[in-house]
Each structure stands twice: as structure tokens, then as C-alpha cells.
Amino acid sequence: MADVTATVVRLKLSLLRNGLRQSGGRRAAFVVSAVLALLFGAVQLLGLIMLRGHAHADAVAVLGAAVLALGWAVMPLFFPSGDETLDPTRLVMLPLRPRPLVRALLAASLVGIGPLFSLMLLVGCAVSVAHGAAGYGVAVVAVALALLVCVALARAVAAANVRLLSSRKGRDLAVLSGLVIAIGAQLVNFGAQSLGSAGLGELAPVADVVRWLPPASAIGAVHSASEGSYGTAAAQLALSVAAPALLIGAWARTLTRLMTAPDGSTLQAPDSAARSRSSDGAGLGRLLPSLGATGLGGTPSRTGTVMARSLRYVWRDPKTKAAWVTSLAIGLIVPVFNALQGTGSIYFACFAAGMLGIQMYNQFGQDTSAFWMVAMTISSPRDAYVELRGRALALLVITLPYATLVTVLTTAMLGDWPRLPEVLGLSFALLGAMLATGAWTSARFPYSIPQEGHKNVAAGQAGLAWIAIFGGMVSAALLCAPVIALTITLNVSAGGGEWTWVLLPVGAAYGAAITWAGLRLAAPRTAASLPEILTAVSRG
């Protein structure tokens with residue numbers, strides 16, 4: 001057993017060392033990230049120690065341990081490539097029994113910057129609430145148990161999802177990690193602002209519950225022992241001991257199944273595949289135009305075919321999905337969070353239409369080299385117009401109800417119902433302007449989207465991306481000038497407020513008209529530039 005553990009730990013160190021040998025840039029990135037992580041950990045450690053004696057230090061320490069455990073649980077799902085030893089199926093051909101392998105992998109998990117950072121944070125949490133010999137004695141045990149719970153939790157979650165992490169859905173999840181971090185940062189910012197105005201006392205009710213959940217229960221035991229509540233401390237320590245035992249047991253059972261059972265996640269029975277194809281055609285196809293119309297002989301119309309293809313990209317392509325989900329989330333976060341903080345305006349609801357309108361830009365880039373199949377079906381400006389129209393309609397299927405929902409929700413939170421029609425009208429006009437400019441820039445400034453990695457622009461095409469996106473957004477704002485001017489006029493003129501409802505039909509009609517004009521203008525350019533577009537979008 002000791003030999004297996006030592007071998008796996010050496011393997012972990014070898015993987016780290018060999019990874020750093022690949023390039024100087026990777027070594028520099030590792031050193032910088034390690035220094036920053038340790039500096040941040042040191043700052044957190046000092047900050048927690050300075051909380052000693054504060055009335056709510058125990059609440060901060062308990063919740064800090066809980067948040068740390070949450071990070072250990074979810075990080076392997078979003079960054080599966082961060083630790084090569086997270087995938088035990090790589091060892092499936094070796095003559096290893098599950099339990100010795102569990103011990104070895106558990107020991108290897110304690111090697112790295114992450115465990116050291118966690119240890120610093122847990123030490124700070126324990127010291128901030130420890131008082132007296134009993135408190136410090138329990139703190140030594142509590143820190144070790146809390147770290148063990150974090151590591152065992154990460155391993156158990158990673159093992160349970162290892163099939164997912166090595167599949168296309170797992171890669172989709174990794175691509176969406178930036179979104180989760182962005183949303184999490186907004187939530188942390190909102191929580192910090194709330195605490196700044198209400199004080200740390202707001203944490204106490206939550207901490208009273210969390211202190212009974214491992215590994216926060218270990219820190220809770222330190223506080224209880226320091227206060228002389230030895231029975232409570234013993235119960236919390238018992239929970240902290242039981243948690244890693246249960247997690248390691250579940251991990252061992254999952255590991256046994258992974259090492260002995262075949263992977264059938266990529267296999268599909270013929271009848272299931274047939275049902276899947278049938279449901280695709282019967283489900284999505286029936287909901288799309290023609291707007292449901294079909295061609296001669298009952299064949300689907302080009303508009304419906306283009307819409308189905310575009311919506312499948314949104315659902316299946318990792319980069320397209322990530323872009324859409326990010327836009328959906330940010331388009332909701334900005335107006336809602338500002339409304340919650342009492343500093344928002346109902347006009348922030350237009351942010352939703354603006355974020356989703358960006359998806360019209362670089363329409364052909366998402367096709368990458370497969371665009372040649374689309375290009376073969378375009379032989380005239382009319383074909384190009386129908387292609388662009390189908391893509392715009394696919395975007396509207398999601399954008400129109402979403403922008404309406406965000407606007408109504410923001411209005412309800414602010415209680416400014418009289419302005420609902422004019423904000424909806426502005427949103428529709430802005431969306432139409434972005435569809436129009438997006439269609440034109442897709443043909444004029446196409447660029448490739450790499451399929452691998454986290455980059456959204458191929459090397460050497462960053463300038464095209466900046467011109468397409470920011471130039472198009474400025475043009476869309478200028479195209480919305482008539483509706484914006486009408487809105488200002490009605491709001492500042494005497495008695496004009498009674499006519500602001502007119503902005504809803506005016507904005508909707510203007511958005512539809514400007515979209516139609518933009519598609520018409522972009523169609524000839526698209527038909528004439530097919531070779532250039534194909535060359536540009538195939539570079540990735």
C-alpha cells in the first residue's frame with residue numbers, strides 16, 4: 001500500500017514537472033498563478049486572524065469553510081484538465097485494487113497549490129475562533145478533517161462525473177466555466193454590497209445552519225470548544241469524521257464501477273437512434289416555418305431548414321452555446337441586479353436585446369469550414385436573402401420572448417409600469433437595428449471561431465472581430481436614433497407622456513422595417529463574397 005501511494009504521489013509530481021517543461025510561457029504562467037494564489041491565501045489568513053474577538057468572527061469562519069468546500073466540489077467539473085490524476089480510468093489497465101488506489105489518489109490530491117491555499121484558509125478560519133487550550137487542541141484536528149473533507153469531496157464528485165468530463169457535454173461544461181465565474185462574481189459583488197450596508201450580523205442566521213454541515217462543522221467545533229460547549233463540539237467533530245468516511249466509501253464504489261464496467265455512454269441502440277432522428281424531424285421541424293410552409297413534394301422550406309440548423313448550433317456547438325448562454329445571463333443580470341440595488345433604471349432592460357442582438361454578428365463564422373456546404377446552395381442574392389432571413393428568424397425565436405420577459409421583470413421590480421410600452425418599443429427597435437447591421441457585417445467582416453480552446457477569434461483576425469462587433473454596435477445605435485429621439489421628445493414635452501404608449505408599435509414596426517432593409521442590403525454582398533467568406537471562416 002505504501003509503495004502504491006508513494007508511486008502515485010511521484011506520478012503527480014512528474015506530471016506537474018513535465019507540464020512545466022513544455023514551454024517557458026507555461027512555466028511563467030504557473031509561477032505567476034502560484035505566487036498570486038499564495039499571496040491571496042496569505043492575505044486571507046491575516047484577515048481572518050485579525051477577526052479574532054469580533055462578535056461575528058465565527059459566522060465568517062464557518063461560512064468561509066463552507067464556500068471553500070463548495071469550490072472544491074465544483075471546480076473539477078469546470079476545469080477537468082487542471083489535474084490529470086482526476087481521471088482514474090487512465091489506470092484501468094494496471095493491477096490495482098480500489099481501496100489502495102483510493103488512498104494513493106487521496107494522498108496525491110494533497111500535492112499542489114490548491115491544497116496549500118486551502119490549508120492557509122482553514123488555518124485562518126480555525127485561529128479566528130479558537131480560544132484557550134481546548135479550542136486550539138480541537139483546531140488542530142478540525143483543520144485536518146476539513147481539508148480531508150474538501151479533498152474527498154472533490155475526488156468523489158470528479159469520479160461520479162468522469163464519463164461526463166471526458167465527453168462532448170463535459171467539454172461544453174468547461175466552455176461555460178467562464179460564465180459561471182462571471183455570474184458568481186456578480187453574486188459575490190452583490191452580497192458584499194449588502195453586507196457593507198447591513199453588517200456581518202446578516203451572516204449569523206445562515207451560519208447557524210451551516211455550522212452543522214461538514215466541513216464547516218469542524219470549524220464550528222472549534223468555536224463550540226472555545227465557548228465551553230464540549231458536547232456540541234463533540235457532535236460537530238463526529239459529523240466531520242463521518243463525512244470523509246462516507247465520501248471515501250462512495251468514491252471507492254464509484255471507482256470500482258469505473259474500473260470494471262465498460263463505458264456505454266457513447267453507444268446508442270439502432271432503434272434509439274432512429275427514434276432520435278424521427279423526434280428531431282417531427283419535433284423541431286413542426287415548430288419552425290414554413291413558417292411552416294413546405295416546398296413542392298412536401299419538402300421543408302429553406303427558411304425552416306436554416307432555422308433548424310441555426311438552433312441546433314445553439315444547442316450542440318460548445319462555442320455557440322457558450323456565447324448564447326453568456327448573453328442570456330448577462331442580459332438578465334445587469335438590469336435585475338441594478339434594480340435590486342435600487343440604482344437601476346427601467347431602460348437597463350434594453351441591455352437584454354443588445355446582448356442577444358450581438359449573436360447576429362459573424363453568422364457564418366460559427367459554421368467554420370462547413371460553410372462550404374451552405375455556400376453551394378447560394379447562387380443568387382435571393383438565395384442569400386433567404387439564408388440570412390432564416391438565421392435572423394432563428395435568433396428572434398429566442399430573443400423576442402426573452403427581451404420581453406426581462407423588460408416586464410425589470411418593470412415589475414421597479415414598479416414603473418407606465419414606461420413599459422416605451423422600453424419594449426426601444427428594445428424591439430434596437431434588436432432590429434442589430435439584426436440589420438449584424439447581417440451586413442457577417443458578410444463584410446467574417447472571421448473564424450476556433451473549435452478548440454477558449455479563444456473566440458482565430459489568430460490574426462482580432463482586428464476584423466473588433467470592427468465587426470463594435471462598428472456594428474455603433475451603427476445600430478445610430479440607426480435607433482429616430483426612435484430614441486421620439487422617446488425623448490414625448491417624455492420632455494408637455495402632455496407627451498400620455499402618448500408614450502405609441503412607442504411600442506412604432507418601435508416594433510421600425511425594428512421590423514430596419515431588419516428587412518438590412519437583410520436586403522446584405523444579401524447581394526453575401527452572394528458576391530462567398531469565396532472570401534469561406535476563406536475567412538475556415539482559418540480556425
Please round to the nearest 0.5 Å and tell me the distance separating atom CG of L400 and atom CG of L395. 8.5 Å

Distance-only criterion, 3.5 Å: show the donor-acceptor pairs between side-chain atoms of residues 474-487 and protein atoms not counting sequence neighbours.
residue, atom, partner, partner atom, Å
S475, OG, G471, O, 2.9
T487, OG1, V483, O, 2.8

I488 versus V492: any side-chain heavy-atom pair under 4.5 Å? yes

Rounding to 0.5 Å, atoms CG (L63) and CG (L70) come to a distance of 11.5 Å

So do F348 and V336 actually touch side chain to side chain, heavy atoms under 4.5 Å? no

Approximate separation, where rounding is to 0.5 Å, of L388 CG and D383 CG: 11.0 Å

Can you check whether V314's main-chain N or O pairs, donor with acceptor, with T320's side chain at less than 3.5 Å? no

Supply the atom-to-atom distance R525 CZ to W440 CH2, rounded to the nearest 0.5 angstrom. 6.5 Å

Side-chain touch V408/W417, heavy atoms, less than 4.5 angstrom: yes

Can you check whether Y385's main-chain N or O pairs, donor with acceptor, with T526's side chain at less than 3.5 Å? no

Locate the shortest heavy-atom distance separating V406 from L332; write the atom from each residue and the value. CG2-CD1, 4.0 Å

S345 and L414: which non-hydrogen atoms are nearest, and at how many Å? C-CD1, 3.6 Å

Show your working on side chain to side chain donor-acceptor pair (under 3.5 Å) between T303 and R389 and close with a plain yes or no. CA-CA 7 Å; T303 299; R389 183 182 65 183; 2.8 Å; yes

Please check this pair: side chain of N362 against backbone of Y447, looking for a donor-acceptor N/O pair closer than 3.5 Å. yes

Quick one: do S327 and Q359 satisfy side chain to side chain donor-acceptor pair (under 3.5 Å)? Show the steps, please. CA-CA 8 Å; S327 296; Q359 303 307 315; 2.7 Å; yes

Measuring from atom CZ of R391 to atom CG of L311, what distance do you get when rounded to the nearest 0.5 angstrom? 11.5 Å

Indicate whether any N or O donor in one side chain lies under 3.5 Å from an N or O acceptor in the other, for Q236 and S224. yes

Of all residues at least two apart in sequence or in a different chain, which pass the salt bridge (Lys or Arg N to Asp or Glu O under 4.0 Å) check with R419? D416, E422

Could you work out, with side-chain hydrogen bond (donor to acceptor under 3.5 Å, both in side chains) as the rule, every residue matching T410, not counting sequence neighbours? none

Between A439 and G518, the two heavy atoms sitting closest are CB-O, 4.5 Å

Mind listing the closest non-hydrogen atom pair of C350 and L430 along with its distance? O-CD2, 3.7 Å

A side-chain contact here means heavy atoms from C-beta on lying under 4.5 Å apart; do T441 and M360 qualify? no

Please answer whether the main-chain N or O of G472 pairs with a side-chain N or O of Y361 as donor and acceptor at a distance below 3.5 Å. yes

Between E387 and R382, is there a side-chain N and carboxylate O pair less than 4.0 Å apart? no

In Å, rounded to the nearest 0.5 Å, how long is the span from CG of L213 to CG of L239? 8.5 Å

Close side-chain approach of L328 and L356, heavy atoms under 4.5 Å: yes

Beyond-backbone contact of V423 with L504, side-chain heavy atoms, under 4.5 angstrom: no

Counting only N and O atoms by type, is there a donor-acceptor contact under 3.5 Å from the side chain of S240 to the main-chain atoms of A218? yes

With heavy-atom distances below 4.5 Å as the criterion, would you say the side chains of L121 and L45 are in contact? no

Of all heavy-atom pairs between L431 and G357, which one has the smallest distance, and what is that distance? CD1-CA, 4.1 Å

I'd like to know if the side chain of R302 and the backbone of T377 have a donor-acceptor N/O pair within less than 3.5 Å. yes

Heavy-atom distance under 4.5 Å between the side chains of L490 and L503, does that happen here? yes

